[in-house]
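Here it is: the structure, laid out below.
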Amino acid sequence: MIQITLYIALFVIKSIDGRTIDQYSHRREQLIQEEIASSLGGRIVLNNEEKTANGILMYWKNKEIDESFHNPAYFNFSRHYFTYKKYMETSKVYQIVRKMPKGAALHVHSSAMLHEDNLLQLTYEDHLYACYTNNDLSLRFSDTVPVRPCPVKWSLLTELRNASGDVTAFDQELKKHLTMYTENVKDFDSDINNVWKRFNQVYTVVKSLIGYRPVREKFFYAALKNFYNDNVMYVEIRSGLHQLHELNGTLHDKMYLAQLYRDVASKFKEDYPDFQGVKLIMTRHRTVDLNQLREALDVARQLKRDMPKMFAGFDLVGQEDLGKPLIDFLPELTKAKNEMDFFFHGGETNWYGTPTDENLFDAILLGAKRIGHAYALVKHPSLLVSVKQKDIALEVNVISNAVLALVRDVRNHPLATYLALGLPVVLSSDDPGSWGAAPLSHDFYVAFVAVASKHADLRMLKQLAINSIRYSALNENEKIQSFKMFNHHWNRFIKDIIKHDKQR
């Protein structure tokens with residue numbers, strides 16, 4: 001009798017434990033699904049073909065993450081971007097992401113759009129003079145020896161190249177001035193200011209190369225072609241509209257460069273009719289004084305008046321930690337905020353409670369349509385709420401933040417939090433030419449595999465592309481047209497994933 005009673009008691013306990021474990025497991029799964037649903041793209045409903053494609057994509061994503069988890073020799077996201085950059089091309093996920101229609105790139109600086117291989121081709125143009133001084137290089141197109149100061153002497157680059165004895169080696173050395181990319185990542189173990197110094201050196205050399213009007217035309221067309229080949233259908237460029245020159249030294253005014261961008265973009269659209277175009281965000285460096293800012297805003301006003309279809313808005317650029325905060329320019333920015341849209345850089349810093357991260361407060365109060373980087377936003381909970389309520393998009397540039405020394409292990413990037421909270425994120429690439437990144441695919445891949453949840457799937461990628469159109473400076477009719485084109489390319493992309501998987 002006692003044995004029977006014990007048996008019944010054990011059976012009851014086991015049954016209760018089983019139910020408890022089942023209930024716990026069910027509730028646990030519920031919480032996970034609720035979190036996924038509230039994340040970016042979590043509420044998108046996929047059709048049957050998209051579900052099939054998603055299954056293929058997630059098979060490869062899970063496989064790559066599991067391999068990286070157990071054997072981080074190659075895709076070790078705790079190391080510098082330059083150490084795993086070259087392995088991306090072998091990734092199945094990257095190959096899918098590269099073919100994916102990405103919508104728009106909304107945060108791109110015009111002088112840093114083009115890959116160093118393309119820049120090197122431009123150095124083969126005639127009449128290019130070079131001034132080599134130790135590790136510094138200046139370039140200038142001219143029909144005579146440039147009158148600008150050079151500590152040694154100006155020499156035609158073609159003559160230097162031909163006299164080198166090894167053109168390949170010469171070009172490899174020349175490329176070091178056109179990109180920050182290096183396999184010796186120890187160069188980037190120094191402080192953030194030295195990294196920015198290196199970035200500014202590259203920017204200055206490239207700027208000297210593309211200051212010549214015909215070369216700037218070729219540069220911009222080639223840059224648009226690279227973005228187009230990376231399945232980007234629309235680009236918003238940031239530019240301070242520097243003066244271009246002719247071979248004889250004739251200088252054009254700032255408006256000329258805006259017109260050049262417009263004309264080249266128009267020509268590109270004729271050649272590639274499914275490309276949706278380019279708009280311009282006028283910029284000024286954040287080290288300027290109030291008078292210089294006032295002049296820049298006047299140029300922006302003229303742009304809006306003379307080229308309303310081309311003009312998008314205004315921004316202040318440069319290393320945010322060492323530049324002036326937005327509040328220093330408050331009088332002029334307050335006057336202008338009802339005349340033009342703002343797309344301010346804000347919070348591109350690791351500091352907390354400083355004028356740099358507090359630029360975020362001013363960007364929001366001044367009515368910015370989007371905030372560039374917003375890296376420090378994660379430390380300001382009230383602003384996180386405000387951004388979501390006001391529907392202010394965050395222009396996140398993961399690889400830029402990694403290269404420019406804000407984050408080493410991209411898995412710790414605050415984008416992970418922004419995605420989990422379902423904030424209005426748009427991914428962009430900032431200055432992809434400066435570090436040899438793809439126009440947008442590298443940022444999408446790193447965000448998808450290294451930053452986002454392992455559960456994040458095709459829905460997140462689709463939402464990011466949708467956001468890039470939704471939060472762009474396109475007008476409503478342009479957005480409708482862009483969404484139609486995007487949907488057409490997206491459906492073709494989904495079929496392509498399924499087709500190639502069957503061939504595997």
Side-chain angles (χ1 to χ4, degrees), residues 109-182 196-223 239-261 263-264 283-285 287-288 292 295 299 318 431 433-434 436:
H109 296 274
S110 62
S111 295
M113 295 175 69
L114 194 59
H115 193 275
E116 68 264 22
D117 290 339
N118 300 106
L119 292 172
L120 183 65
Q121 291 175 13
L122 294 176
T123 68
Y124 278 80
E125 296 286 325
D126 293 334
H127 307 292
L128 179 59
Y129 283 84
C131 174
Y132 271 107
T133 313
N134 297 323
N135 293 323
D136 293 329
L137 170 67
S138 295
L139 299 169
R140 178 78 175 182
F141 281 94
S142 178
D143 56 6
T144 58
V145 177
V147 294
R148 295 186 169 199
C150 175
V152 282
K153 69 171 185 176
W154 287 98
S155 303
L156 282 168
L157 193 64
T158 53
E159 294 179 358
L160 293 174
R161 181 179 277 123
N162 293 336
S164 68
D166 188 339
V167 171
T168 301
F170 180 90
D171 283 350
Q172 286 302 113
E173 285 299 311
L174 182 58
K175 280 172 68 172
K176 291 178 181 179
H177 295 276
L178 304 174
T179 178
M180 295 174 72
Y181 176 71
T182 175
W196 267 87
K197 182 180 178 181
R198 172 72 183 126
F199 170 65
N200 287 327
Q201 286 173 337
V202 170
Y203 174 82
T204 300
V205 174
V206 173
K207 182 181 169 185
S208 70
L209 172 65
I210 62 176
Y212 176 41
R213 188 262 312 160
V215 167
R216 180 62 69 98
E217 290 173 347
K218 293 178 180 180
F219 167 92
F220 191 51
Y221 191 97
S239 175
L241 297 181
H242 305 290
Q243 290 182 291
L244 299 181
H245 66 87
E246 300 292 341
L247 276 183
N248 62 6
T250 300
L251 286 176
H252 297 283
D253 63 21
K254 288 178 177 291
M255 291 297 292
Y256 186 91
L257 180 53
Q259 293 162 357
L260 182 148
Y261 285 142
D263 295 343
V264 172
T283 64
R284 198 68 169 93
H285 203 278
T287 56
V288 298
Q292 291 169 315
E295 291 172 2
V299 173
D431 306 282
S434 295

Steps toward side chain to side chain contact (heavy atoms under 4.5 Å, CB included) verdict (Leu137, Leu174) = CA-CA 9 Å; Leu137 170 67; Leu174 182 58; 3.6 Å; yes
State, to 0.1 Å, how close Ser110 and Tyr261 come at their nearest heavy-atom pair, and which atoms those are.
-> OG-OH, 3.1 Å
Gap between atom CG of Asp126 and atom CG of Asp143 - 0.5 Å precision | 12.5 Å
Please tabulate, one pair per line, all N/O donor-acceptor pairs under 3.5 Å involving side-chain atoms of residues 242-254, not counting sequence neighbours.
residue : atom : partner : partner atom : Å
His242  : NE2  : Tyr203  : OH           : 3.3
Gln243  : NE2  : His252  : O            : 3.2
Glu246  : OE1  : Arg213  : NH2          : 3.0
Glu246  : OE2  : Arg213  : NE           : 2.9
Glu246  : OE2  : His252  : NE2          : 2.7
Asn248  : OD1  : Thr250  : N            : 3.0
Asn248  : OD1  : Thr250  : OG1          : 2.8
Asn248  : ND2  : Thr250  : OG1          : 3.4
Asp253  : OD1  : Met255  : N            : 3.2
Asp253  : OD1  : Tyr256  : N            : 3.0
Lys254  : NZ   : Leu241  : O            : 3.4

Mind checking whether Asn135 and Gln201 have side chains closer than 4.5 Å, heavy atoms only?
-> no
Please name the pair of heavy atoms, one in Leu139 and one in Ala130, separated by the smallest distance, quoted to 0.1 Å.
-> CD2-CB, 3.8 Å
Side chain to side chain, Thr123 and Leu120, heavy atoms closer than 4.5 Å |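 Yes - at least one pair of side-chain heavy atoms lies under 4.5 Å apart.
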Roughly how far, to the nearest 0.5 Å, is the CD atom of Glu125 from the CZ atom of Phe219?
->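 Rounded to the nearest 0.5 Å, the CZ-CD separation comes out at 13.5 Å.
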Answer yes or no: are there more than 12 heavy-atom neighbours, outside Asp166 itself, under 6.0 Å from its atom CG?
-> yes
For the student: nearest non-hydrogen atoms of Leu257 and Ser239, plus distance = CD2-OG, 4.1 Å
Evaluate whether atom NZ of Lys175 has more than 12 neighbouring non-hydrogen atoms of other residues, nucleotides or ligands under 6.0 angstrom away.
-> yes
Spell out, as yes or no, whether a donor-acceptor pair under 3.5 Å connects the side chain of Arg216 to the backbone of Ile210.
-> yes
Distance from Tyr124 atom OH to Asp171 atom CG, nearest 0.5 Å?
-> 3.5 Å
Could you check Val299 against Arg284 for side chain to side chain contact (heavy atoms under 4.5 Å, CB included), going step by step and ending with a plain yes or no?
-> CA-CA 10 Å; Val299 173; Arg284 198 68 169 93; over 6 Å; no
Could you check if a side-chain atom of Val215 sits within less than 4.5 angstrom of a side-chain atom of Leu128, using non-hydrogen atoms only?
-> no
Roughly how far, to the nearest 0.5 Å, is the CE atom of Met180 from the CG atom of Asp431?
-> 9.0 Å
Spatial distance of atom CD (Glu116) from atom NE2 (His177) [nearest 0.5 Å] =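 If we round to the nearest 0.5 Å, Glu116:CD and His177:NE2 are 13.5 Å apart.
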Cys131 versus Pro151, closest heavy-atom pair with distance |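 Where Cys131 meets Pro151 most closely, the heavy atoms are SG-CD, 3.9 Å.
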Please tabulate, one pair per line, all N/O donor-acceptor pairs under 3.5 Å involving side-chain atoms of residues 152-160, not counting sequence neighbours.
residue : atom : partner : partner atom : Å
Trp154  : NE1  : Arg148  : O            : 2.8

When you measure from the side chain of Ser434 to the backbone N and O of Thr179, does any donor-acceptor pair fall under 3.5 Å?
->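 Judged by distance alone, no pair lies under 3.5 Å.
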